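This report concerns only the one structure given below.
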Amino acid sequence: MIAPIEKEQIKADGFDEAIIGQEYNDGRYVYSIEGILEILMIRDDMTMEDAMEFFSFNIGGAYVGEMTPLYIWTGDTQ
């Protein structure tokens, strides 16, 4: 039986397609960094370098409380 999540999860706006799961203990969303970079390059017409810089400063480095999403490198490069 899965325990109910007691706190509201936080999403990174506009990156639902990059969600790969939820953290076991508290239910935080887990995102593929590669997926986020791909979205930035396609949707926002960024170069890989620009997407990585944007991710680093605006998404991956942002702390928005204890339910801040997790971002992982998956090794999935399509």
Side-chain angles (χ1 to χ4, degrees):
M1 177 178 207
I2 297 175
I5 296 170
E6 296 179 12
K7 297 181 182 174
E8 188 173 339
Q9 300 101 322
I10 298 171
K11 284 187 176 181
D13 290 338
F15 299 100
D16 286 0
E17 292 180 12
I19 294 173
I20 57 172
Q22 288 180 272
E23 197 271 336
Y24 175 76
N25 291 311
D26 59 18
R28 288 185 289 168
Y29 286 110
V30 179
Y31 288 83
S32 161
I33 295 171
E34 292 91 342
I36 291 174
L37 295 175
E38 183 177 343
I39 290 168
L40 289 169
M41 288 186 299
I42 294 169
R43 182 190 70 197
D44 300 341
D45 198 28
M46 291 186 182
T47 65
M48 175 60 90
E49 183 177 335
D50 289 341
M52 289 179 72
E53 183 175 334
F54 183 90
F55 171 80
S56 179
F57 287 103
N58 298 291
I59 302 170
Y63 178 77
V64 291
E66 63 183 80
M67 292 302 284
T68 297
L70 301 171
Y71 304 98
I72 65 167
W73 291 105
T74 63
D76 184 21
T77 54
Q78 296 172 328

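Predicted model only: the values in this text are computed from it and were never measured. The first residue in the sequence is number 1, and the count goes up from there.
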What is the distance from atom [atom1] of [X] to atom [atom2] of [Y], rounded to the nearest 0.5 Å?
{"X": "Tyr31", "Y": "Thr74", "atom1": "OH", "atom2": "OG1", "answer": "14.5 Å"}
{"X": "Met46", "Y": "Met52", "atom1": "CE", "atom2": "CE", "answer": "13.0 Å"}
{"X": "Met67", "Y": "Ile10", "atom1": "CE", "atom2": "CD1", "answer": "7.0 Å"}
{"X": "Ile36", "Y": "Tyr71", "atom1": "CD1", "atom2": "OH", "answer": "5.5 Å"}
{"X": "Glu23", "Y": "Tyr29", "atom1": "CD", "atom2": "OH", "answer": "13.5 Å"}
{"X": "Leu70", "Y": "Ile19", "atom1": "CG", "atom2": "CD1", "answer": "11.5 Å"}

More than 12 heavy atoms of other groups within 6.0 Å of Met41 CE: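 Check passes, neighbour count above 12.
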Do [X] and [Y] have side chains that approach each other closer than 4.5 Å (heavy atoms only, starting at C-beta)?
{"X": "Ile59", "Y": "Ile33", "result": "no"}
{"X": "Glu38", "Y": "Glu34", "result": "no"}
{"X": "Val30", "Y": "Gln22", "result": "no"}

Pairing of Lys11 and Asp16 as salt bridge, 4.0 angstrom limit: yes
Set of residues satisfying ring-ring contact (aromatic ring centres under 6.0 Å, His included) with respect to Phe15, sequence neighbours excluded: none
Nearest atoms (heavy-atom pairs only) where Ala18 meets Gly35: CB-C, 3.8 Å
Pro69 versus Ala12, closest heavy-atom pair with distance: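 Nearest heavy atoms, Pro69 then Ala12: CG-N, 4.4 Å.
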Listed partners of Asp44 passing side-chain hydrogen bond (donor to acceptor under 3.5 Å, both in side chains), at least two apart: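 Listed in chain order: nothing, the list is empty.
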ILVMFWY cluster, Val64 and Phe54 together (side-chain gap under 4.5 Å):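 Per the 4.5 Å side-chain linkage, Val64 and Phe54 are not co-clustered.
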